[in-house]
Engineer: 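Have a look at this one before I ask anything.
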There are 2 protein chains.
Amino acid sequence: MAENEARKTTIEDVARAAGVSRAAVSKVLRNAYGVSPAMKLRVDKAIEELNYRPSVAARAMRGSSYTLGIEIPDFGNQFFTRVLRGASRALAGTNYQLIIAPAEEGMRQGYRAIEALLDQRVDGLIAVSPLVSQEWLERAAVQTPIVMFGRHDESPYYDTVAGDDSAGTAALMQHLFDLGHQRIAHLTINALSSAARSPHDIRLTTYEKCMVDAGLAGNIRVIRCGEGLDPSYEAARDMLDEGPAPTAIVAGHDELALGALRAVMERGLPISVAGYDDVPLAGHPLVSLTSVSQPGEDMGARAVEMLLERLAGRDVAEHETYAPELRPRKTTYPPARES
Amino acid sequence: MAENEARKTTIEDVARAAGVSRAAVSKVLRNAYGVSPAMKLRVDKAIEELNYRPSVAARAMRGSSYTLGIEIPDFGNQFFTRVLRGASRALAGTNYQLIIAPAEEGMRQGYRAIEALLDQRVDGLIAVSPLVSQEWLERAAVQTPIVMFGRHDESPYYDTVAGDDSAGTAALMQHLFDLGHQRIAHLTINALSSAARSPHDIRLTTYEKCMVDAGLAGNIRVIRCGEGLDPSYEAARDMLDEGPAPTAIVAGHDELALGALRAVMERGLPISVAGYDDVPLAGHPLVSLTSVSQPGEDMGARAVEMLLERLAGRDVAEHETYAPELRPRKTTYPPARES
DNA sequence: TTGAAAGCGCTAACAC
DNA sequence: GTGTTAGCGCTTTCAA
């Protein structure tokens, strides 16, 4: 009932139908130089009639696959959704396709996903805060243009797009100080060896610096958790149950903030919580979470453009940083209601 | 500074290093029949040393690509994230890779994404409630095993995995009736011609049937909106501003419900809102949204298994339906607070 | 401007 | 149990 019955139409079929050579069809396909309008017309007609679609595999073997890859670490984080949308839009109108590889949890996270993309012979790839070492990525970038997204460890071998996490965090801390907070805790994801200079690293160190500068070094408190709503909830809950509660919690990103918020509400404590990324829900009246906004769509689109520029010949690395914007919102929450 | 310097290692290199033929290496790679343990050892060693990774493109040309594709219509919907996780997990341990194609908005939505996956010569693909016609999908399924996820239009040509949307919606409606609601509106996404028997179609018709059966045919009210938080917010807001308000709104899924909830809160109206899918945030104390839970991870994993079974030779279609579970939660919300 | 032919890296069929 | 060989569908010289 399934499996290959009809053979797929090949470039050969198109060539025969149009009465030209395979090479001619190939040229039309890539609108390469040296095809008469007349021939292009006939070939296009044949392609249309036969409903021909070139095999990415075959193309990838000789030339390019016309495919860009993007590695995403965590689909739970809605910020990445924005990045994806931006990337997708920037590709519309080109003849490039986007494929995504999910980096499942576990130590070898980013490596496997990026390797999978490389195995597909993508023409370029965007790695979103990948948990891979810089040298490894540089070696990979020799073969395939790479845009590192989020991390701040710039390299002459690959381009980077990142938000100014330092400025964003500083603005957020200042906001909390202005509100009178002195005992501010920081909830961040577990430290991953290879993720030096990750956004979360910068946010953490900036948090610490701000505390120190404000003369609150003694109040520094860092809590680690796994990625996601539940791990952040549990970590925050444990913190609240263990020691003296802080008056505010700054989370590494909004999803963690939401998890922490759940713990805060369950305990009925008057603790302010703030996040990062300003995901769509942060502005919802139900949530109204203070956060730091990043232009995710623009950043995603720019990452794609950088790749396209590389494919067009650029050979010096570019590093772009986007300014974040503080989104001050509610700071005190009602305790949990029924259910 | 970039671009190909070192040639990638090929099967040839491995063969030479191990002192065997390319065919031998190929067999080891696929752990095919007829390789002595001794040879396997030497080949594995060479692969390891050379850090060899087979080219998916080259493999796809002759045999299989060892790649499964999944088309996802909307990353804003966190239910799909669960499905993805399940699919990803089911693949761990196999030598298959997962690649995702995003179906951007626009009319040709699903087609482009699925075609992109087919162009990559994936060995099988999961199409998540795609907006494509049944015949088109059947034709595609002749070439490549397909699991249709979500939609209920079963076919002898492809497998399906779906939730029992009818039962889920009925349970939800009953819950609202029990609570005394009579004027219940339904907020659903815009009707797409080719999406007959989509989950949203079923939810809509079940809503209507429940209303009729309860003798409330006159109170039926269906509002359409685009996908996402903002479109659903706007649609709900317009509805509230236009006519007499319902006492409850049943949304096609949680994201739409959240959008509607924003409108309800802004208007300060005592309207109950319910969603579908029970996304992680629905259970958050801040949100506490009544919803219908579906075992997304199991469903995603099962879809992958079905594909694997097809690749292993099964040739009759299978159709699996998963029972949903009502998650009754809070029904009245406070009006919006400052900011 | 067009076409012929070589070959990308792999697997499958078959010979040894 | 192992190697030889013929292509898969394209792109890319290079000659016509």
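Note that the structure is a prediction, hence the values are computed from the model and not measured. Here is the naming used below: chain letters follow the sequence lines, and residue numbers restart at 1 for every chain.
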Engineer: For a 4.0 angstrom threshold against heavy atoms of chain A, report the outermost contacting nucleotides of DNA chain C in 5' to 3' order.
Structural biologist: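 Here the contact window of chain A covers C:dT1 to C:dG9.
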Engineer: Verify the distance criterion only: is there a donor paired with an acceptor across the side chains of B:Arg30 and B:Ser26 at less than 3.5 Å?
Structural biologist: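 Indeed, the side chains of B:Arg30 and B:Ser26 share at least one donor-acceptor pair under 3.5 Å.
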Engineer: Using side-chain heavy atoms (C-beta onward) and a distance below 4.5 Å, is A:Gln97 in contact with A:Leu91?
Structural biologist: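 They are not in contact (no side-chain heavy atoms under 4.5 Å apart), so the answer is no.
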Engineer: I'd like to compare against my own output: the B/S/- annotation of nucleotides 3-11 of chain D with a strict under-4.0 Å heavy-atom distance to protein.
Structural biologist: BBBBBBBBB
Engineer: Less than 4.0 Å between a side-chain N and a carboxylate O, is that true for A:Glu305 and A:Arg302?
Structural biologist: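 Yes.
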Engineer: Using 4.0 Å as the upper bound for N to carboxylate O, is an ion pair formed by A:Asp159 and A:Arg314?
Structural biologist: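 A salt bridge is present here (some side-chain N lies under 4.0 Å from a carboxylate O).
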Engineer: Looking only at non-hydrogen atoms, find the nearest pair between A:Gly76 and B:Gln78 and report the distance.
Structural biologist: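 Looking at all heavy atoms of both residues, the closest pair is O-NE2, 3.1 Å.
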Engineer: Does this structure show an ion pair linking A:Glu297 with A:Arg82, if we count only N-O contacts that are shorter than 4.0 Å?
Structural biologist: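 A salt bridge is absent here (no side-chain N lies under 4.0 Å from a carboxylate O).
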Engineer: Measuring centre to centre across the rings, with the benzene-like ring taken for any Trp, is A:Phe80 within less than 6.0 Å of A:Phe75?
Structural biologist: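 When the ring centroids of A:Phe80 and A:Phe75 are compared, they turn out to be at least 6.0 Å apart.
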